[in-house]
Amino acid sequence: MNIFGPDFEKLDAILRQAYRAREEARAGTRWQDRVMERIEEAGRPGSPKGLLPGFGQLVWRLAPVTSLLALLLLGLMLTLGDASADPLQHFLSAAEESALARILGV
Amino acid sequence: MAGVARKHVPFDCLDDTVQDAFLRAYRSLQTFRNGSMATWLSTITLRTCYDFWRERYRCAEYPVSAFTDRHQAWLDEAMSDRSNESYLEKGRQAEAREILDHMLDKLSPGDRMALELVYLEGCSVKEAARLLGWSVPNVKVRLFRSRRKLRELIGKQKGERGAP
């Protein structure tokens, strides 16, 4: 196929040949060093950058523990039966309670 | 990658273009599926070359001027009926490349890439479309447009020189 049409076949052939002769050109090796520098800066492909993605990851990692804790507290509230009752009372012994009362001056 | 890029970008920009293509490939490693790694890398390199011309076109760093007297003389000689053997010499090839680059600079980046792939490298339209990530009709339209523009350029040149 000619670029310039049948009237300019010769010109077409000359320019095509000149284009192909360019394949002899060689890239230097400097780009390889620069690529490695840029890759080291960029880190692994697909890894998140900045503080915000790191915070997001932390939240998701702690999510199961947080959910478990919430469920435990809910269960505790239900077993106590009385919503107005102080949950701390359930854990404290009488001695501890009196000691706390003395400290807090209650 | 350098082998693909050196046909499409000026030699002084070859290093930077290959570097950009390599980094782009590295960042897109996760998108590579089963297939030919060489084809995948060629596609990325070609698209980087296309972006190079788009950027250059946008920045207008490359002034597109009219043919100089030297270019015109060369074209006259090349279009005449003399033997083309002298054009096979290395020095003459550099001149020819200069003229070709000058002509290609008149085209838009997309038209340029399509013309280079199909007419100068001998790819099929379908292959060029796949490499550039365009549809086949899009490549055909670009080829038609670029050829028409180059013919106009040559026709104009011939008319100007032929005029008394």
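Each chain gets a letter, A, B and so on, in the order the sequences are listed, and its residues count up from 1.
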For residues [X] and [Y]: do they belong to one hydrophobic cluster (side chain heavy atoms under 4.5 Å, members Ile, Leu, Val, Met, Phe, Trp, Tyr)?
| X | Y | result |
| --- | --- | --- |
| B/L104 | B/F144 | no |
| B/Y119 | B/V141 | no |
| B/M113 | B/W40 | yes |
| B/L131 | B/F32 | yes |

*Would you find a donor on one side and an acceptor on the other, under 3.5 Å apart, between the side chain of A/Y19 and the backbone of B/K7?*
yes
*Roughly how far, to the nearest 0.5 Å, is CZ of A/R16 from CG of B/L100?*
10.5 Å
*Between atom CD of A/E37 and atom CG of B/L23, what is the distance when rounded to the nearest 0.5 Å?*
11.0 Å
Which atoms of [X] come close to chain A, meaning under 4.5 Å heavy atom to heavy atom: side chain ones, backbone ones, both, or neither?
| X | answer |
| --- | --- |
| B/E116 | both |
| B/L143 | neither |
| B/V4 | neither |

*Below 4.5 Å, heavy atoms only, C-beta onward: do B/M103 and A/L15 meet side chain to side chain?*
yes
*Can you sort out the partners of B/D20 under side chain to side chain donor-acceptor pair (under 3.5 Å), two or more places apart, ordered by chain and number?*
none
